[in-house]
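Accompanying notes for the structure given below.
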Amino acid sequence: MKNILILLFTLSLIGCNNNDLKKEFNCASNTDISETKEIRDVLKKFKLQLPVNWKTQLYYDDFQSEIYSADTTKSLKETYILDISWHQGELDLIESFDQTVKDTLAIKEGLSLVKSNFAKFQKKPCYWNLSKGKAGEFTYHFFQVYVKTEVDEYFTFTTKIYGDEMVDERLCESISLTDQITFIE
């Protein structure tokens with residue numbers, strides 16, 4: 001009996017480690033993204049592959065380094081905006097954090113929570129949420145992922161999707177792009 005309990009406990013831990021965003025949103029294992037180029041943030045904290053035709057801006061200060069990118073050849077309702085940032089600071093991924101994020105999105109941004117969860121991203125603890133609201137005349141979907149990488153460092157991935165068409169496809173494509181991030185230590 002003791003061995004069975006140990007086995008079940010071990011399997012539950014393995015299951016938690018395999019919980020990824022693609023599974024959560026039923027994304028196909030591979031999203032076909034055409035020709036890409038490697039982009040590194042200014043502070044050399046991370047790098048990722050982004051489509052060559054996307055417009056990309058870099059930002060940094062003493063406490064963060066950011067890559068902000070989107071396909072500007074398409075209308076806003078056909079694409080999405082991707083923002084990936086490294087942050088210096090502590091992040092506690094606990095239940096109260098979930099409530100704080102939900103409250104902030106509802107009060108400051110006027111967004112309604114669709115769903116959220118704690119998970120793993122590249123074997124690191126993460127928290128994600130998907131919210132929906134209005135931005136001007138458009139329906140607006142806002143997807144956030146917080147990934148704790150060190151005691152005093154974390155990353156955020158945000159995707160902004162405007163309109164109601166092909167939301168799942170655009171969300172899955174953004175997850176595929178962020179899934180390829182390399183954290184530089």
Side-chain angles (χ1 to χ4, degrees), residues 9-10 12-27 38-50 56-70 80-133 135 140-161 167 170-185:
F9 178 72
T10 303
S12 71
L13 288 178
I14 291 170
C16 289
N17 286 331
N18 289 333
N19 183 5
D20 67 17
L21 299 172
K22 286 183 180 180
K23 289 178 186 173
E24 190 70 43
F25 290 95
N26 298 317
C27 298
E38 182 178 281
I39 306 290
R40 289 178 187 248
D41 72 302
V42 174
L43 297 179
K44 296 183 174 44
K45 297 292 185 176
F46 64 101
K47 61 183 177 179
L48 75 155
Q49 297 291 320
L50 291 174
T56 300
Q57 295 180 327
L58 304 176
Y59 171 81
Y60 77 99
D61 62 27
D62 292 339
F63 304 103
Q64 69 179 7
S65 187
E66 176 180 11
I67 295 174
Y68 186 82
S69 193
Y80 53 92
I81 300 169
L82 187 63
D83 184 351
I84 301 173
S85 302
W86 165 85
H87 301 269
Q88 184 173 12
E90 291 185 25
L91 178 68
D92 291 323
L93 296 177
I94 56 177
E95 291 300 320
S96 61
F97 179 75
D98 176 50
Q99 191 58 52
T100 300
V101 170
K102 289 175 185 175
D103 291 345
T104 300
L105 290 171
I107 296 167
K108 290 186 178 180
E109 305 294 330
L111 298 172
S112 302
L113 180 73
V114 175
K115 60 182 178 175
S116 66
N117 203 359
F118 291 93
K120 294 284 183 178
F121 180 86
Q122 296 185 4
K123 298 183 181 178
K124 298 179 184 328
C126 80
Y127 166 81
W128 61 265
N129 66 66
L130 177 63
S131 300
K132 185 176 179 179
Y140 168 64
H141 296 80
F142 185 63
F143 179 63
Q144 299 183 98
V145 180
Y146 294 83
V147 180
K148 184 173 182 163
T149 55
E150 300 290 335
V151 172
D152 61 348
E153 294 181 3
Y154 66 97
F155 285 81
T156 57
F157 312 145
T158 62
T159 302
K160 297 175 184 174
I161 301 170
V167 172
R170 292 186 279 165
L171 179 60
C172 286
E173 185 177 302
S174 77
I175 290 170
S176 287
L177 287 172
T178 58
D179 207 29
Q180 303 304 314
I181 192 169
T182 300
F183 300 120
I184 301 171
E185 297 180 28

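Quick caveat: nothing in here was measured; it's all calculated off a predicted structure. Just so you know, these numbers use all the heavy atoms, side chains as well, and skip hydrogens, waters and symmetry mates. The first residue of the sequence shown is numbered 1, and numbering continues consecutively from there.
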From [X] atom [atom1] to [Y] atom [atom2], the distance as rounded to the nearest 0.5 Å:
{"X": "Gln144", "Y": "Thr159", "atom1": "CD", "atom2": "OG1", "answer": "10.0 Å"}
{"X": "Leu50", "Y": "Ile84", "atom1": "CG", "atom2": "CD1", "answer": "6.5 Å"}
{"X": "Ile175", "Y": "Phe157", "atom1": "CD1", "atom2": "CZ", "answer": "11.0 Å"}
{"X": "Thr149", "Y": "Lys45", "atom1": "OG1", "atom2": "NZ", "answer": "8.5 Å"}
{"X": "Lys124", "Y": "Leu93", "atom1": "NZ", "atom2": "CG", "answer": "13.0 Å"}
{"X": "Gln49", "Y": "Thr182", "atom1": "CD", "atom2": "OG1", "answer": "8.0 Å"}

Gln122 side chain vs Asp179 backbone, donor-acceptor pair below 3.5 Å:
yes

Is there a side-chain contact between [X] and [Y] (heavy atoms, below 4.5 Å)?
{"X": "Leu82", "Y": "Leu177", "result": "yes"}
{"X": "Leu43", "Y": "Gln64", "result": "no"}
{"X": "Ser116", "Y": "Tyr127", "result": "yes"}
{"X": "Arg170", "Y": "His141", "result": "no"}
{"X": "Val147", "Y": "Ile181", "result": "no"}

Could you work out, with ring-ring contact (aromatic ring centres under 6.0 Å, His included) as the rule, every residue matching Phe25, not counting sequence neighbours?
Trp128, Phe143

Could you work out, with ring-ring contact (aromatic ring centres under 6.0 Å, His included) as the rule, every residue matching Tyr146, not counting sequence neighbours?
Phe97

What do you reckon, is [atom1] of [X] surrounded by more than 12 foreign heavy atoms closer than 6.0 Å?
{"X": "Tyr60", "atom1": "OH", "result": "no"}
{"X": "Lys115", "atom1": "NZ", "result": "yes"}
{"X": "Tyr140", "atom1": "OH", "result": "yes"}
{"X": "Glu38", "atom1": "CD", "result": "yes"}

Result of checking Asp41, Thr156, Thr158 against Ser85 for side chain to side chain contact (heavy atoms under 4.5 Å, CB included):
Thr156

Which residues share a salt bridge (Lys or Arg N to Asp or Glu O under 4.0 Å) with [X], sequence neighbours left out:
{"X": "Lys160", "value": "none"}
{"X": "Lys102", "value": "Asp98"}
{"X": "Glu66", "value": "none"}

Counting the benzene-type ring for Trp, do Phe121 and Phe155 have ring centres under 6.0 Å apart?
no

Determine the minimum heavy-atom distance between Arg40 and Ile67, stating which atoms define it.
C-CD1, 3.9 Å

Quick check: closest heavy atoms across Tyr80 and Glu173, and the distance to 0.1 Å?
OH-OE2, 2.8 Å

For Gln180, check side-chain hydrogen bond (donor to acceptor under 3.5 Å, both in side chains) against everything at least two apart and list the hits.
none

